[in-house]
Protein chains: 2
Amino acid sequence: MIQKRRYSKQRECILNALQSTKSHPSANMVYDMVRQEIPNISLGTVYRNLAELVEEGAIIKIDAGDGMEHYDGYNKPHYHMFCRGCKSVSDIEIEYHAGMDTAAAKESGAEIEYHNVVFMGMCRNCKKIN
Amino acid sequence: MIQKRRYSKQRECILNALQSTKSHPSANMVYDMVRQEIPNISLGTVYRNLAELVEEGAIIKIDAGDGMEHYDGYNKPHYHMFCRGCKSVSDIEIEYHAGMDTAAAKESGAEIEYHNVVFMGMCRNCKKIN
DNA sequence: ACTATAAACAGTAACAATTACTATTACTAC
DNA sequence: GTAGTAATAGTAATTGTTACTGTTTATAGT
């Protein structure tokens, strides 16, 4: 009677696309990726499923400051950097600073669930040029 | 001959508004604030001046992940938290982790200029309710 | 102080990312 | 297999932001 989440080819394809890349595509980039598999998929479907996958914790959303959301097939908590040169988001594989969460909670009285870190700068390739 | 930045009442008013609040208003909220002083100021003027003030380092832009930019009259590097309950941005006054920048630079080979941290959770008020 | 110059402006139109809507399709419990 | 209802495709609407245009105004040079 009461139906839970229902399977859909589209959602599986979106999740696969995200899990099989190390890049951090925007919704539109995901749209382009899955259209190779499902040519008539709707952009609205991509947005809706990305939101659902974020909500259930299967992927994460990254705010890089370039005016659009980026998505990341989630494995473990990790940090990101945004390159001012090529405007790309990449992983930064340093340890998650769990101590900052407790410090922030103590300072503010808030309940901290997690934190995001975005490093700003010029990536290895772009710093040569500029 | 070559003109530099020129004074404007509007820009001064915008900077004042940001420096005299501890909140982290969006462009639209800034617009509402300065309209009390300059009723016919244009929203475009607010956006342009906010961008210029960010560029010259007088204020900072915060990406909270709620679909719009927030602005902050800048004093020193500090962190922020976004409350899932009341959707507000507040300061977190813990020390800037400069060590993370060098760690990130070493790990990635990038040139790191700085980093932003946004804590996610429920603020002191909202955690009581929920 | 007066004038020429161009930066900054107000007002509005355009834009791009995202969300909402609607009729149709296709999972899944029975 | 069928009924019920999530999920979809396609499209329209919304929202935050940026670009454009004719006008105003700060300021450098007289």
Side-chain angles (χ1 to χ4, degrees), chain A residues 1-18 24-56 58-72 82 87-89, chain B residues 1-18 24-56 58-72 82 87-89:
Chain A
M1 199 80 163
I2 309 143
Q3 293 224 28
K4 290 277 180 169
R5 169 140 312 161
R6 184 184 281 191
Y7 170 84
S8 99
K9 184 173 57 154
Q10 288 84 346
R11 177 163 49 245
E12 185 177 50
C13 186
I14 288 165
L15 183 56
N16 277 347
L18 274 169
H24 300 73
S26 64
N28 230 315
M29 290 159 141
V30 173
Y31 180 48
D32 288 339
M33 291 163 82
V34 294
R35 256 197 303 183
Q36 303 194 349
E37 194 84 8
I38 307 171
N40 70 328
I41 193 171
S42 167
L43 180 56
T45 298
V46 172
Y47 271 102
R48 183 168 25 73
N49 280 300
L50 285 172
E52 285 173 18
L53 289 166
V54 168
E55 188 145 1
E56 71 186 39
I59 63 173
I60 57 173
K61 194 162 80 167
I62 308 160
D63 228 309
D66 64 342
M68 57 193 159
E69 303 291 344
H70 294 253
Y71 296 88
D72 186 353
F82 180 70
K87 276 111 172 63
S88 69
V89 180
Chain B
M1 199 78 161
I2 309 144
Q3 294 225 27
K4 290 275 179 171
R5 169 137 315 161
R6 184 183 282 192
Y7 170 83
S8 97
K9 184 174 55 151
Q10 288 84 345
R11 176 163 51 246
E12 186 179 50
C13 186
I14 288 166
L15 182 57
N16 278 346
L18 274 169
H24 299 74
S26 64
N28 230 314
M29 290 158 141
V30 174
Y31 180 48
D32 287 340
M33 291 163 82
V34 295
R35 255 195 304 182
Q36 303 194 349
E37 194 83 10
I38 307 169
N40 69 329
I41 193 172
S42 166
L43 181 56
T45 299
V46 173
Y47 271 102
R48 182 168 24 74
N49 279 300
L50 285 172
E52 284 172 19
L53 289 167
V54 167
E55 187 144 2
E56 72 186 38
I59 63 174
I60 57 172
K61 194 163 78 168
I62 307 160
D63 229 310
D66 63 343
M68 56 193 158
E69 303 291 344
H70 294 253
Y71 297 87
D72 186 353
F82 181 71
K87 276 109 171 66
S88 70
V89 180

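Letters go in sequence order (proteins before strands), and every chain restarts at 1. Remember, predicted model here, so these are calculated numbers, not experimental data.
The distance between atom NZ of B/K9 and atom P of D/dT27, rounded to the nearest whole Å, is 14 Å. Taking atom CD of A/E52 as the reference point, atom C1' of C/dA20 lies 15 Å away to the nearest angstrom. Rounded to whole Å, the distance from CD on A/E56 to P on D/dA7 is 11 Å. Spacing between atom OH of B/Y31 and atom C1' of C/dT12 amounts to 12 Å, rounded to whole angstrom units. With rounding to whole Å, A/E12 atom CD is found 16 Å from C/dA26 atom P. Atom CG in A/L50 sits roughly 11 Å away from atom P in D/dT8 (whole-Å rounding). For the pair A/R6 CZ and C/dC27 P, the computed distance is 9 Å after rounding to whole Å. Counting to the nearest Å, the C1' atom of C/dA29 and the OH atom of A/Y7 are 19 Å from each other.
At the phosphate of C/dC9, OP1 or OP2 sits under 4.0 Å from a side-chain N or O atom of B/S8.
Within 6.0 Å of CD on A/E56 lie more than 12 heavy atoms contributed by other residues, nucleotides or ligands.
Taking the side chain of A/N49 as heavy atoms from C-beta on, and the options D/dA7, D/dT8, C/dA6, the nearest nucleotide is D/dT8.
Although no hydrogens or angles enter the test, the distance criterion places a donor-acceptor pair under 3.5 Å between the side chain of A/D63 and the main chain of B/G65.
Considering only heavy atoms from C-beta on, B/L53 comes within 4.5 Å of B/I14 through its side chain.
With rounding to the nearest 0.5 Å, the separation of OH in A/Y71 from CD1 in A/I62 is 10.5 Å. One distance of note links CG of B/N28 with CE of B/M68; it measures 8.0 Å at 0.5 Å rounding.
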Practice prompt. Any chance you could list the contact pattern along nucleotides 9-23 of chain D? Use B for base contacts, S for sugar-phosphate-only contacts and - for none, protein heavy atoms under 4.0 Å, 5' to 3'.
Written response: BB-----SBB-----

Under 3.5 Å, which donor-acceptor pairs do the side chains of residues 40-52 of chain A form with other protein atoms, sequence neighbours left out?
unit_1: A/S42; atom_1: OG; unit_2: A/G44; atom_2: N; d: 3.2
unit_1: A/T45; atom_1: OG1; unit_2: A/R48; atom_2: NH2; d: 3.4
unit_1: A/N49; atom_1: OD1; unit_2: A/R11; atom_2: NH1; d: 2.9
unit_1: A/N49; atom_1: ND2; unit_2: A/T45; atom_2: O; d: 3.0
unit_1: A/E52; atom_1: OE1; unit_2: A/R11; atom_2: NH1; d: 2.8

